[in-house]
Amino acid sequence: MAWLDWTALAGYFLVMLLIGVWSHRRISGVGDYFTGGGKMPWWLSGISHHMSGYSAAVFVAYAAVAYSYGITVYFWAFVPLALATGVGAFLFAPRWNRLRSRFNVVSPLEYLAKRYNVPTQQALAWSGALLKVFDVAAKWASVAILLNVFTGMPMATGILITGVVTLLYCTVGGLWADALTDFGQFVIQGVAALAMLIAVIVKLGGFAGLGSMWDKLPEGHTHTHPLVGQWTAGFLTAYIVIKLFEYNGGMWNLAQRYMATDSARSARRSAGLSAVLYLTWPAVLLFPSVAAGVLMPHVADPQQVYALMAKAYLPAGLVGLTLAGMFSHTMAMASSDANAISAVITRDILPVVSRRARRMSSQAGLLAARVCTVVFVSVSMIVAIEADHFGGVLGIIVALVAAVMGPISIPMLLGLLPAFRRCGPIAALSSWALGLGAYFLLKYGIEPADQTWLVATPLVTSLVVYMGLGLLKPEPNDEADAIVAAVSSDGPGGAAVQAPTPTAATAD
């Protein structure tokens, strides 16, 4: 890269760190650190939700699919996100906000101790935290691949640099730093992506060349059939349902975005904005990778195609900005994940396993939150260095995270809805255990399962078990009913319900 590119990249990192320092002044306790004190504007929350929802894997793993198969990646990977977030705008986003405002919770799992019981809360907390280590590790690996293409930097070095910078600003500034850097990253990434789009259109011969491009794509590409290869209709159906849970709270950091707004209405608007962005922006990001089938038909490693195009087609300065834009998605997701995991460990796990943690002051809790953030990011970086042993970037994101997300998120999300208020701890724990069991049985069974079965089976198992036990063995609970009623309406009825604090949760 030219010196202008290095300057752009260094300037990006510097701005991220300055935002972290500024945000530090807004943090006075764990509520500010984890939910922004409930003062975040809806538009900032919406952009942050969108930016925290995908990473540099878009420019590595998804770009590879776009290069090899065409537009199918948009239909199976991003349309489900738009649909899921749009539905969640009415079904889940307001409920997450009411949990914070009416129960003073700062972790998405905090309410589960009262909604179900402490063992259920702990099972979801521990398994979800472990899953997130692998999820974030895939994001570090994605960035390292890009850095290697652009600069020749070794994978381990790229992972270390990205992780340390992210660690510095998100540890210091909490959710405010996450959200504000998400906004800055959205602007930077937008400029970089539009520059790449214009460069590709010029290389194709202008707008006149766009129409003829589709007929020049290599064999195996299609622009008329949205589902090809292993991306079948069954896979798409399962994926949509999984993303409905994942992007409305199963991915804990996204629930925090709704909790951080000032009202249920603002949370709904935040989700709506994010849904629109998921429907439109990925098409801009991925079009260059589809066009690469014509412009660069013989790339040896499709995961490198976006980076190779940037180096070939963009002038000095814009290459560095494009790399910064690729960094932006990963740092957005990883920092918000780190904040969410820290919230779960500090508010849900430590008070159960340690008496001392139950008596922590606000300042001690804030220190514990920052320590947890450091530990989580450090462990995920170690796993990232060995990402190939876990199936690579796409293998972790689809085969592991997508498959296991259902069993972890179904009890948490459906537990907020009145229709499932009689599903108690037995239904929740059974659906979690049997769903995960189904995954491991298929993943490591006698015969390897294809992608569709691997993703769909854990989800279907958990859903059937949760709803079936709710019908066959209902567990009515007045306290659980009160929580569900309180988060389901803007009326005054729920405001008087006592907050399920971490200390109270340990007393069960």
Discussion item. If I compare all heavy atoms of W281 with all of A193, which pair ends up nearest, and what's the gap?
Written reply: CZ2-CB, 3.7 Å

Practice prompt. Go through the steps for L463 and V241 under the test side chain to side chain contact (heavy atoms under 4.5 Å, CB included), then give the verdict.
Written response: CA-CA 10 Å; L463 274 175; V241 178; 4.3 Å; yes

Fill in: Student check: side-chain heavy atoms of V305 and M309 closer than 4.5 Å
yes

Worksheet item: With distance as the sole criterion, is a donor-acceptor pair present between the side chains of S266 and T261 under 3.5 Å?
Response: no

Worksheet item: Hey, is the main chain of H50 close enough, under 3.5 Å, to the side chain of Y278 for a donor-acceptor pair?
Response: yes

Item to complete: Quickly, which of L244, I242, L236 forms a side chain to side chain contact (heavy atoms under 4.5 Å, CB included) with I240? Name it, please.
Response: L236

Discussion item. For T457, is there any backbone N or O sitting under 3.5 Å from a side-chain donor or acceptor partner on T461?
Written reply: yes

Worksheet entry | Side-chain donor/acceptor of Y247 to backbone N/O of P80, under 3.5 Å | no

Fill in: Y466 and F420 aromatic ring geometry - parallel, tilted or perpendicular at 30°/60° bounds
tilted

Discussion item. Please report whether the ring centroid of F183 lies less than 6.0 Å from that of W43.
Written reply: yes

Discussion item. For E246, is there any backbone N or O sitting under 3.5 Å from a side-chain donor or acceptor partner on S409?
Written reply: no

Worksheet item: What heavy-atom pair brings V73 and V65 nearest, and what distance separates the two atoms?
Response: CB-CG1, 3.9 Å

